[in-house]
S.K.: 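Take this structure first; my questions come after.
Every heavy atom of this structure was used, including side-chain atoms; hydrogens, water molecules and symmetry mates were not. Since the structure is predicted, the reported quantities are computational estimates derived from the model, not experimental observations.
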Amino acid sequence: MAEIPTYTLNDSTSIPAIGLGTYGLRGAAGTEAVALAIGSGYRLLDTALNYENEREVGDGIRTSGIDRSEIVVTSKIPGRHHGYDETLGSFAESSTNLGLDVIDLYLIHWPLPGVDKYVDTWKAMIALRDEGKVRSIGVSNFTEEHLERIIGETGVAPAVNQVELHPYFPQATLRAFHERHAIRTESWSPLAKRTELTREPLLVAIADSHSVTPTQAVLRWHLQLGSIPIPKSADAARQRENLDVFGFELSDDEVATISSLERGRLWGGDPVTHEEF
Ligand SMILES: NC(=O)C1=CN([C@@H]2O[C@H](COP(=O)(O)OP(=O)(O)OC[C@H]3O[C@@H](n4cnc5c(N)ncnc54)[C@H](OP(=O)(O)O)[C@@H]3O)[C@@H](O)[C@H]2O)C=CC1
Ligand SMILES: O=C(O)C(=O)[C@@H](O)[C@H](O)C(=O)CO
């Protein structure tokens with residue numbers, strides 16, 4: 001099993017370069033899928049209170065036979081829990097669901113600027129980190145404006161911003177902002193939810209030239225951008241395929257060619273207007 005490289009975040013903690021998305025992994029099959037992924041080498045898991053599968057993720061860790069300390073568990077606070085006290089309560093709920101005292105990476109799921117409580121939410125996240133209940137704090141779906149505001153009002157930059165990112169939406173400007181502020185980018189829906197992306201002829205040609213699958217070429221593209229992809233798969237063979245991306249390298253031209261598939265945000269989840277409660 002290949003060793004997964006890690007990044008050091010801006011708070012000095014370590015995070016694997018690729019992880020498992022778990023949206024939709026529920027029930028006994030969900031627990032089994034999480035345990036199988038850990039058995040195949042995944043050490044970064046992504047869930048959220050709103051996925052209603054934190055219990056399955058915790059159970060998957062416990063049945064995997066791998067020490068909990070080796071796994072970076074991510075969860076996220078939903079919009080209905082924005083606000084200082086609500087955030088502390090939401091953490092307690094997620095911690096109970098997961099059966100874990102400490103959450104390794106805790107994110108604000110969406111900024112909900114219309115509600116305008118994300119700064120207070122961020123302050124509570126800082127308190128949770130300072131109390132040792134959370135190892136790293138970050139955000140998801142934040143724009144430059146939202147990031148500038150929380151950094152300006154608290155002096156604390158998120159360790160991670162998890163955003164929609166795939167070859168149809170490479171987010172070059174936001175990634176450059178992240179780099180300037182030592183924020184690690186994470187890619188959600190890194191395979192563009194397996195739409196027509198992996199049938200794109202130019203991607204298929206690049207994959208063929210490396211004797212890998214189009215999915216593997218896409219995941220390698222994320223790695224070479226320095227963004228952490230969290231592909232979801234319920235299937236053990238596909239989970240392994242998605243992790244087997246460290247034995248080849250794309251040229252700069254190939255990275256640029258894949259990025260040229262850009263067409264914009266795909267599912268209408270504009271952080272400025274999207275309300276997720
Ligand atoms: N912060 C946020 O707002 C958001 C976060 N997320 C996170 O990102 C994760 C990943 O995004 P998601 O939307 O699930 O989409 P992905 O881009 O990860 O695509 C998942 C789809 O691809 C299929 N798939 C995975 N690997 C392969 C493969 N090797 N070959 C063929 N098909 C494959 C899966 O099917 P199968 O399971 O059958 O293999 C599934 O249908 C989520 O699970 C969630 O954790 C997602 C959306 C928003
Ligand atoms: O994080 C996810 O997987 C999502 O789908 C989010 O967009 C969020 O849970 C949501 O808005 C659901 O409608």
S.K.: If two hydrophobic side chains count as joined below 4.5 Å and joins carry through other members, does I183 share a cluster with L223?
M.R.: yes
S.K.: Identify which one of R265, E186, Q171, R175 satisfies the side-chain contact (heavy atoms from CB on, under 4.5 Å) criterion when paired with V163.
M.R.: Q171
S.K.: Go through the steps to decide whether N97 and E52 satisfy the test side chain to side chain donor-acceptor pair (under 3.5 Å), and finish with yes or no.
M.R.: CA-CA 9 Å; N97 290 343; E52 299 181 352; over 6 Å; no
S.K.: Do R80's NZ or CZ and the ring of F277 fall within the cation-pi criteria of under 6.0 Å and 45°?
M.R.: no
S.K.: Report the C-alpha separation of E249 and H210 in whole Å, then their side-chain angles, then the decisive distance to 0.1 Å, and conclude whether the side chain to side chain donor-acceptor pair (under 3.5 Å) test is met.
M.R.: CA-CA 8 Å; E249 192 163 0; H210 289 277; over 6 Å; no
S.K.: To the closest 0.5 Å, what do you measure between CG (L25) and NZ (K232)?
M.R.: 5.5 Å
S.K.: Indicate the atoms forming the closest heavy-atom contact of L9 with V160, along with that distance.
M.R.: CD2-CG2, 4.0 Å
S.K.: Write down the atom of P170, the atom of E262, and the distance for their closest heavy-atom approach.
M.R.: CD-CD, 3.5 Å
S.K.: Go through Q162 and K76 one step at a time and tell me if the side-chain contact (heavy atoms from CB on, under 4.5 Å) criterion holds.
M.R.: CA-CA 10 Å; Q162 181 186 115; K76 315 189 193 82; 3.2 Å; yes
S.K.: Kindly indicate whether the side chain of H181, heavy atoms from C-beta on, has any atom under 4.5 Å from the side chain of N10.
M.R.: no
S.K.: Using 4.0 Å as the upper bound for N to carboxylate O, is an ion pair formed by E93 and R55?
M.R.: no
S.K.: For A35, does its backbone N or O pair with a side-chain atom of S64 as donor and acceptor, under 3.5 Å?
M.R.: no
S.K.: What pair of heavy atoms forms the shortest contact from G132 to V102, and how long is it?
M.R.: O-CG2, 3.7 Å
S.K.: Give the intermediate values and the outcome of ring-ring contact (aromatic ring centres under 6.0 Å, His included) for residues H109 and Y51.
M.R.: CA-CA 11 Å; H109 204 145; Y51 298 173; 5.8 Å; yes
S.K.: With heavy-atom distances below 4.5 Å as the criterion, would you say the side chains of P158 and L147 are in contact?
M.R.: yes
S.K.: Are F169 and L203 joined in one hydrophobic group, where the rule is that I, L, V, M, F, W and Y side chains link up if heavy atoms are under 4.5 Å apart?
M.R.: no
S.K.: Between S94 (side chain only) and F91 (backbone N and O only), is there a donor and an acceptor less than 3.5 Å apart?
M.R.: no
S.K.: Less than 3.5 Å apart, any donor N or O on the side chain of T215 or R238 sitting next to an acceptor on the other?
M.R.: no
S.K.: Answer yes or no: is there a side-chain heavy-atom contact under 4.5 Å between E86 and I77?
M.R.: no
S.K.: With a 4.5 Å heavy-atom cut-off, do E241 and Q216 have their side chains touching?
M.R.: yes
S.K.: Please report the C-alpha distance between E54 and T47 in whole Å, then the side-chain angles of each, then the deciding distance to 0.1 Å, and finally whether the side chain to side chain donor-acceptor pair (under 3.5 Å) criterion is met.
M.R.: CA-CA 6 Å; E54 290 174 309; T47 181; 5.2 Å; no
S.K.: Just how far is it from atom OH of Y106 to atom OG1 of T87, taken to the nearest 0.5 Å?
M.R.: 7.0 Å
S.K.: Could you grab the distance from atom OG1 of T121 to atom CD1 of I137, nearest 0.5 Å is fine?
M.R.: 11.5 Å
S.K.: Tell me, do F177 and E148 make a side-chain contact under 4.5 Å, heavy atoms counted?
M.R.: yes
S.K.: Do T13 and S136 get their side chains close enough for a donor-acceptor pair, meaning under 3.5 Å?
M.R.: yes
S.K.: What distance separates L174 CG from F142 CZ, expressed to the nearest 0.5 Å?
M.R.: 12.0 Å
S.K.: Atom CZ in R43, atom OG in S14: separation rounded to 0.5 Å?
M.R.: 12.5 Å
S.K.: Under a 4.5 Å cut-off applied to non-hydrogen side-chain atoms, are E200 and L261 in contact?
M.R.: yes
S.K.: Just verifying a value: how many Å separate E56 CD and E32 CD, rounded to the nearest 0.5 Å?
M.R.: 13.0 Å
S.K.: Check the pair D101, K133 against side-chain contact (heavy atoms from CB on, under 4.5 Å), reporting the backbone distance first and the verdict last.
M.R.: CA-CA 7 Å; D101 294 333; K133 292 180 172 166; over 6 Å; no
S.K.: Which one of D59, V57, N53, L36 satisfies the side-chain contact (heavy atoms from CB on, under 4.5 Å) criterion with T31?
M.R.: D59
S.K.: State whether the number of non-hydrogen atoms from other residues, nucleotides or ligands found under 6.0 Å of D116 atom CG is greater than 12.
M.R.: yes
S.K.: Of I66, L100, L44, D104, which meets side-chain contact (heavy atoms from CB on, under 4.5 Å) against I71?
M.R.: I66
S.K.: Examine W267 together with H166 and report whether their ring centres are nearer than 6.0 Å.
M.R.: yes
S.K.: If you take the centroid of each ring, where Trp contributes its six-membered ring, are Y118 and H82 closer together than 6.0 Å?
M.R.: no
S.K.: Indicate yes or no: does R149 engage E145 in a salt bridge with an N to O separation below 4.0 Å.
M.R.: no
S.K.: For residues S69 and D67, is any side-chain donor paired with an opposing acceptor at under 3.5 Å?
M.R.: yes
S.K.: Assign the ring pair H274 / W110 to parallel, tilted or perpendicular, where the plane angle (0 to 90°) is split at 30° and 60°.
M.R.: tilted
S.K.: Identify whether V218 and Y168 are in the same connected component of the hydrophobic contact network (ILVMFWY, side-chain heavy atoms under 4.5 Å).
M.R.: yes
S.K.: For a quick check under 3.5 Å, do Q239 and S40 share a side-chain donor-acceptor pair by atom type?
M.R.: no
S.K.: Before accepting this row, confirm whether a basic side-chain N of the pair R129/D11 lies closer than 4.0 Å to the acidic partner's carboxylate O.
M.R.: no
S.K.: Under a plain distance cut-off of 3.5 Å, with no hydrogens placed, do W188 and N141 share a side-chain donor-acceptor pair?
M.R.: yes
S.K.: Decide yes or no for I228 and T185: does some side-chain heavy atom of the first lie under 4.5 Å from some side-chain heavy atom of the second?
M.R.: no
S.K.: So which heavy atom on W221 is nearest to which on S259, and how close?
M.R.: NE1-OG, 3.0 Å
S.K.: Do S227 and H222 meet the criterion of a side-chain donor-acceptor pair at a distance under 3.5 Å?
M.R.: no
S.K.: Measure from the side-chain N and O atoms of S187 to the backbone N and O of P190, and report whether any donor-acceptor pair falls under 3.5 Å.
M.R.: no
S.K.: Hey, quick one: are L112 and L49 part of the same hydrophobic cluster, counting side-chain heavy atoms closer than 4.5 Å, chains of contacts allowed?
M.R.: no
S.K.: Check whether E131 reaches the backbone of L128 with its side chain - one donor and one acceptor, N or O, closer than 3.5 Å.
M.R.: no
S.K.: Does L250 share a hydrophobic cluster with L225, counting links as ILVMFWY side-chain heavy atoms below 4.5 Å and allowing steps through other members?
M.R.: yes
S.K.: If we count only N and O atoms by modelled type, under 3.5 Å, do the side chains of Q224 and R220 hold a donor and an acceptor together?
M.R.: yes
S.K.: Give me the atom names and distance for the closest heavy-atom approach of S233 to N242.
M.R.: CB-ND2, 4.2 Å
S.K.: Report yes if the side chains of I103 and L105 come closer than 4.5 Å at any heavy-atom pair, otherwise no.
M.R.: no
S.K.: Write down the atom of A127, the atom of Y84, and the distance for their closest heavy-atom approach.
M.R.: CB-OH, 3.3 Å
